[in-house]
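One structure below.
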Amino acid sequence: MRVLIDLTRCQGYGQCAFLAPDLFTMHGNEAVLYDPDPDDSQRENILRAAAACPVQAMHVDRMIVQHRHTPGPDSQGAAAFKRDGRIVIVGASLAGARAASVLRREGFTGSLTVIGDEAHAPYDRPPLSKRVLTGGVPAEHTTLPRLKKQIEGEWLLGAPASGLDLARKVVRLADGREVPFDKVLIATGTRARPWPHADQAALEGVHLLRSMEDSDALRQALARRPNRVLVIGGGFTGSEVASVCRELDLPVTVIERGSAPLSGALGGVIGKIAADLQRENGVDLRCGVSVTELQGDADGRLRGAVLSDGATVEAEVAVVALGAIRNVEWLHDSGLAASMWGVACDAGCRAVDVNGLVTDDVFVAGDIARFPHPAFGYQFMSLEHWGNALNQAEIAAHNMVSDQARRWPHLSMPVFWSTQFGVNIKSVGVPTFADQVMIAQGSPAERRFVAVYGYQGRITAAVMFDHGIWLDFYQRLIERAAPFPVDFRHADQAANDKPVAAQTPERIMPAAGATVVVTGHDPAERRVSFMRISP
Amino acid sequence: MAPQSVFKQIIDPDSRADPYQFYSELREMPVRREDDGTYVVSTYREIVDLLHDPRISSDRRNLARPAPGEDEADVMPSLSFIGLDSPEHDRLRRLTMRHFGPPHTPGRVTGLIPEMKRIVTELIDGIADRDRIDVVDDIAYPLPVGVICRILGVPHEDEPRFRVWAEAIVETLGPGEVDRAAREKRRVETGLQLSEYLKGLVDARRSTPNDDLLTGLVTYEGPDGRMTPEEIVRTAGLLLIAGHETTVNLITNGMLTLLRNPEMLERLRAEPDMIIKTVEELLRFDPPVHFLSSRVALADIEIGGVTIPAGSPIVLALAAGSRDPAHTPNPDDFDPDRPYNEHLGFGGGVHYCFGAPLARLEAQFAIGQLVARLRNPRLLSDPPPYRPSSTLRGPRHLMIAYDGVLPAAPSW
């Protein structure tokens, strides 16, 4: 059986852990851990657990859809396209797979091709930095429910795309094949940013964490009980790896260039709480420094690292967790506005070309999409969130087979979660889109609280530590542009907190990194060309 | 005379057999102010929003104007975590959960499955030589009582005593502020008798601990400290009453609904796994708890086009919300095949039903086995007589006849 819990929706009621305790485990008060590929003998317990979920967040063998959607009558053109059109999806991870299933749900019966660079059926990545690393779940158990097998289409897996020719409407594959399309969805996502020095990166013991293979290799390395694990980068992936190391009782050092772990995403104030959490749990956390060199022994095995403050750390395993690089290289000659920040698109997921013109037949979804969000000043953003991949792929797929008048804008509120050191962290809105932050509910000392972020007097985000049950409330406040600071009386522990500077990183301006040259005189001639900045 | 409000019609005992006929009218105004200042909320979205709204208190001491006679001294003895807010609620609930479920005792409820199954089998074996029973007295009541006594560590032979108290307390619960003072008074009186009884048990556990939940509450001391003797008595009283008075309605309502839908009865015999989704649909379609009636607004709350002023009592009409057509297609159809069944049967938010997993399993086993084992079961009276409470709503008796009892399947 295949089980997938939508942890964006999960509110930590624990009903699954009550009814199928062998399969679902509460980690701390709110986070649920589970095996996505349980034995069929557990069928009855799984059905009980899935039925009992108060927010119906559990998908068993297929992806359920929460909202109702009754498609209206199609125009002749849309109906014909749904019947006979050719759609190619490039990218076979969560967004690509989700789009494929939504296309079929929407009644698309034409030809569907899904191209993926990895040889695996689509799988779920969040467990790769958590339970797979502890050995709690085998990496290959993370395959997504009801995807490759059940969705009728051609799945070209292990076949990386190498180019997109919009004039001829074909996707070129690295093996020389060409796949023609009427409409194409770009969902090639991201990859882990490698250690910049290739010779050091090649040392045995230096790991990246993005794919199933990465996770399995790191799990094996941790199982050999290294003298110390060095985590380079205190973002979510790095912090989750550090949490796993402590769970396995391995010494771990986290190197974070910023003022605190998670500060890039959550700002320095909440980052400070995350730092305390790490130190309480025995992490050797060093902030404000970076790794300048990874050193190996004569046999090419990692021995340790030199830091920017001159200190050295001995470690047999290093995990490079420096964020992600968007997989845009294959689009370089496509004429699309594809840069290190992603592929620009409109709110309806239609790709924008380098001139700023919206295309009609090219759509983008998932980590690679860079779209304007009206709730955040129309700022172009790309969100590397599980829930965004799911929601945006649905919007893109719907719009691919819909008339102009029936298209949907991608307006879902960004939500993400992380589980580390027994605490479930959830975020709604955009915490970096803030100038102030305050504790609205609960107690930071008890690691159970809601932090609310404000920007120019309105609420723009909320971050919860073991307080996920309140997420929807704050989401509505953000959606309504409710005033900040909040000052209502509430039924939770009173934090009596005053707003303070959020200490968020400087925001990336829409134009940053996208330097263009405008040429031509007449309107018919004027064009933009992109000056590419390599990542 | 002004026409009676639809809400008053619903809580009128004459409407007990079918309150659903009034719920669509109730939902026409999602947030409705009653003459006594109570706000009744009846649509799904608005109820869910308020269940997750930190500005809503479960502690009636926050009312702007306490109901006449409801002063603090009277309310205090009945306060268990159901009527408290954070941090007291969280602490007491955590201290109780520690002995009942995850994260600290994850296998407790599933560990009781063999015992639940044994009780169900014995109860149905016990009616094998009859041709008619009262589902309430013969099955639906004894099962949850047996289970909760076992969990808590309350002697089953004392059952006749606390049955009286439990019923008396339930009759005092409910929406409406008018006669609340009198009801509170009765509740406090009965509560004192129950407390005296439980105090005795608690003292006994202190000297002779064993493996039950009561012992856990008495002996455990952790990061949250330990419960005071008063807190233990209140918590045990809450669990005992809730364990008595809710699942009985779920099982009885379930049998009534299935006997009114014979094609579903047939399907359940052919597909026993369907009982899981059937019970879930029962929780939506004919739930044991119709109202949450002790919530209080702590701030002015804008919802459903209305501003609920701070200090106002709020009633959440869960059963009306679960049948909101804006949330569920064809909500008045009993349809266990619903692909997506998100309902309010156990409430929601931090006060989500503590015993939900027990109730689900007990109902699945009791209803599943009655369907599997009774030959040609049929209703003897429809509608059956109902108990007075509009909040914890269910039949007083449910008389059915049948043509025999099949033996229990060996594999079950």
Side-chain angles (χ1 to χ4, degrees), chain A residues 9 11 13-22 24-32 43-57 62 64-68 70 422 440-443 446 448 450 467 469-476 480 486-494, chain B residues 48-49 51-59 62 84-87 89-90 94 97 100-111 223 273 276-277 279-281 296-302 310 327-329 339-350 352-353 356-358 360-361 364:
Chain A
R9 284 180 62 72
Q11 294 182 358
Y13 286 104
Q15 299 301 300
C16 53
F18 263 114
L19 293 169
D22 297 339
F24 304 95
T25 313
M26 297 306 285
H27 191 62
N29 288 312
E30 203 175 287
V32 58
R43 185 184 150 76
E44 192 178 31
N45 293 331
I46 293 164
L47 293 179
R48 279 200 190 115
C53 177
V55 291
Q56 296 286 282
R62 64 188 183 93
I64 48 174
V65 181
Q66 283 103 30
H67 47 261
R68 278 190 283 157
T70 321
Q441 275 182 248
S443 155
E446 291 177 23
R448 295 159 42 78
V450 181
H467 252 41
I469 210 155
W470 305 108
L471 186 144
D472 288 356
F473 172 74
Y474 289 96
Q475 176 168 335
R476 298 227 196 295
R480 290 175 195 154
V486 295
D487 63 350
F488 49 76
R489 216 183 134 202
H490 59 70
D492 199 350
Q493 248 166 305
Chain B
V48 168
D49 280 356
L51 285 170
H52 293 84
D53 191 323
R55 298 168 298 178
I56 300 288
S57 168
S58 288
D59 187 336
N62 288 310
L84 292 171
D85 295 331
S86 188
H89 162 272
D90 297 5
R94 269 200 304 269
M97 189 60 86
F100 182 66
H104 299 288
T105 322
R108 184 71 178 246
V109 168
T110 45
D273 270 359
I276 295 167
K277 297 191 83 175
V279 168
E280 221 51 48
E281 173 70 346
V296 182
L298 292 177
D300 290 357
I301 295 173
E302 277 180 55
H327 171 68
T328 309
Y340 183 78
N341 193 353
E342 195 182 350
H343 59 72
L344 299 169
F346 289 119
V350 295
Y352 186 83
C353 176
L358 273 187
R360 285 191 162 106
L361 288 172
Q364 287 167 16

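Sequence lines set the chain letters: A, B, ... in the order given, protein chains first and strands last, and positions in each chain run from 1. The figures here come from the full heavy-atom set of this structure, side chains too, leaving out hydrogens, waters and symmetry mates.
A donor-acceptor pair under 3.5 Å is absent between the side-chain atoms of A:Tyr13 and the main chain of B:Val350, judged by distance alone.
Of the charged side-chain nitrogens involved, none lies within less than 4.0 Å of a carboxylate oxygen, so that B:Glu302 and A:Arg480 do not count as a salt-bridged pair.
Both the backbone and the side chain of A:Gln493 come within less than 4.5 Å of a heavy atom of chain B. Only the side chain of B:Arg94 comes within contact range of chain A, with at least one heavy atom under 4.5 Å from a heavy atom of that chain. Contacts of B:Asn62 with chain A are made by side-chain atoms alone, with heavy-atom separations under 4.5 Å and no backbone atom involved. Contacts between B:Phe100 and chain A at a heavy-atom distance below 4.5 Å involve backbone atoms as well as side-chain atoms.
With a 4.5 Å cut-off on side-chain heavy atoms, B:Asp273 and A:Arg43 count as touching. Under the 4.5 Å side-chain criterion, counting only non-hydrogen atoms from C-beta, B:Pro103 is not in contact with A:His27. Residues A:Glu44 and B:Gln364 are not in side-chain contact: their nearest non-hydrogen atoms beyond the backbone lie 4.5 Å or more apart. With contacts defined as side-chain heavy-atom distances shorter than 4.5 Å, the pair B:Arg360/A:Phe18 does not qualify.
Between A:Tyr474 and B:Pro54, the shortest heavy-atom distance links the atoms OH-CG, 4.1 Å. Between A:Val55 and B:Tyr340 the shortest heavy-atom distance is O-OH, 3.6 Å. The two residues B:Ile56 and A:Ala491 have their closest heavy-atom pair at O-CB, 3.5 Å. Summarising the geometry of A:Pro21 relative to B:Pro106, their closest heavy-atom pair is CB-O, 3.6 Å, with the distance given to 0.1 Å.
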